[in-house]
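Have a look at the structure below before the remarks.
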Amino acid sequence: RRNALCTINHALRNGPKCLSTDEYQRNNDILDLFNESAAFSLAQNVLGLTNVVIPKMADIMLVFPEQQNTEQKEEQQDKDMKANATWSLIMSPSDMRVALDCSLVMRMVLSDQQFVFYRGSHMTIVERMNDSFGMDAFIEQNKSVTDRKPLDDKNILRQHQVYKGDIVLFNPLLCAPTDDKNDTENINYSVQFKVNCKK
C-alpha cells in the first residue's frame with residue numbers, strides 16, 4: 001500500500017487528472033494492490049480458484065474535501081437520503097453497459113473513510129431493463145429523466161466506516177457506490193478493480 005500511495009501522491013504534482021491515464025492505471029505498484037494482496041485470493045473464493053481474470057488496469061479514486069458549514073452539510077445529507085427517488089443520480093442507462101462488463105468490483109481502501117452506496121438499485125434497473133426486452137429499448141425509453149420511474153424504498157442510501165487496508169467487494173448490480181462527497185478534512189484514497197470470471 002505504501003508504494004501505491006507514494007506513486008499517487010507523486011503524480012498529484014501534475015494534477016489529479018493524470019491518474020486516469022495508462023501511465024498510472026497500469027502502473028505496477030497500483031496493480032500490485034490486487035496481485036500481491038488478499039484481494040486475489042478473495043476473488044478466487046468468490047469466482048473459483050481458476051476462474052479469476054486478473055485485472056490489467058485500475059481506477060484510482062480520490063475524493064477531495066468539501067468546504068461546507070454545518071447547515072449546508074445537514075441539507076446535503078437530507079438530499080442524499082432522498083436521492084433514491086431519481087435513479088439518474090445513481091447510474092445513467094449508458095453506464096449500465098459498464099456495470100455489466102464485470103463480475104464483481106474490488107475496492108482497495110487506502111485511507112479511513114465512509115463507503116456510501118445505494119443498496120440494490122442496479123438490480124432493480126436490470127429487472128426493468130429485462131421487462132423492456134433489452135438494454136437498447138430500455139435506454140431509448142429512459143433518455144429523459146421525466147420518463148424514469150422512481151426506485152422503491154429498498155434502494156436506500158447506506159454507509160459503512162472503512163479503514164486503510166480494508167478490501168470492499170461488491171456486485172456492481174447490487175451496490176451503487178456514490179463517491180462525490182467528502183465532508184472530512186482529508187483526501188479519500190481508494191483504488192478500484194473490475195474483476196471478471198473466465199466462465
Side-chain heavy atoms under 4.5 angstrom apart, residues restricted to Ile, Leu, Val, Met, Phe, Trp, Tyr: same cluster for Met108 and Leu12?
yes

Please say yes or no: joined through hydrophobic side-chain contacts below 4.5 Å, possibly via intermediate residues, are Phe64 and Leu19 part of one cluster?
yes

If only atom types and distance count, is the side chain of Arg13 paired as donor or acceptor with the main-chain N or O of His10 below 3.5 Å?
yes

Is there a donor-acceptor contact under 3.5 Å linking the side chains of Asn186 and Thr184?
no

Compare all side-chain heavy atoms of Phe193 with those of Asn35 and state whether any distance is below 4.5 angstrom.
no

Counting C-beta onward and ignoring hydrogens, is there a side-chain heavy-atom pair between Leu169 and Val195 closer than 4.5 Å?
no

With side chains defined as the heavy atoms from C-beta onward, is the minimum distance between Asp166 and His160 less than 4.5 Å?
no

Minimum side-chain heavy-atom gap Met106-Ile167 below 4.5 Å
yes

Once rounded to the nearest 0.5 Å, what's the spacing between atom CD1 of Ile60 and atom CD of Gln192?
12.0 Å

Is there a donor-acceptor contact under 3.5 Å from the side chain of Asn182 to the main chain of Val63?
yes

To the nearest 0.5 angstrom, please state how far the CG atom of Asp112 sits from the OH atom of Tyr189.
13.0 Å

Can you tell me how far CD1 of Ile187 sits from CE of Met61, rounded to the nearest 0.5 angstrom?
14.5 Å

Less than 4.5 Å apart, any side-chain heavy atom of Ser190 and any of Leu110?
no

Looking only at non-hydrogen atoms, find the nearest pair between Ala11 and Cys18 and report the distance.
O-SG, 3.3 Å

Between CG on residue Asp59 and CZ on residue Arg107, distance to nearest 0.5 Å:
9.5 Å

Once you round to the nearest 0.5 Å, how far does CG of Leu42 lie from CZ of Phe34?
8.5 Å

Does any part of the side chain of Ile30, heavy atoms only, come nearer than 4.5 Å to the side chain of Ile8, both counted from C-beta?
yes

Distance only, no hydrogens: is a donor on one side chain within 3.5 Å (strictly under) of an acceptor on the other, for Ser111 and Gln113?
yes

So how far is it from Leu33 CG to Phe40 CZ, rounded to the nearest 0.5 Å?
15.0 Å

Do side-chain atoms of Gln159 reach the backbone of Val116 as a donor and acceptor pair under 3.5 angstrom?
no

Just do the side-chain contact (heavy atoms from CB on, under 4.5 Å) check on Phe115 and Val109 with the steps written out, would you?
CA-CA 9 Å; Phe115 179 65; Val109 180; over 6 Å; no

Under a 4.5 Å side-chain heavy-atom rule over Ile, Leu, Val, Met, Phe, Trp and Tyr, are Val53 and Val46 clustered together?
no

Do Lys194 and Met57 come within less than 4.5 Å of each other through their side chains, counting heavy atoms only?
no

Any side-chain heavy atom of Leu47 sitting closer than 4.5 Å to one from Ser103?
yes

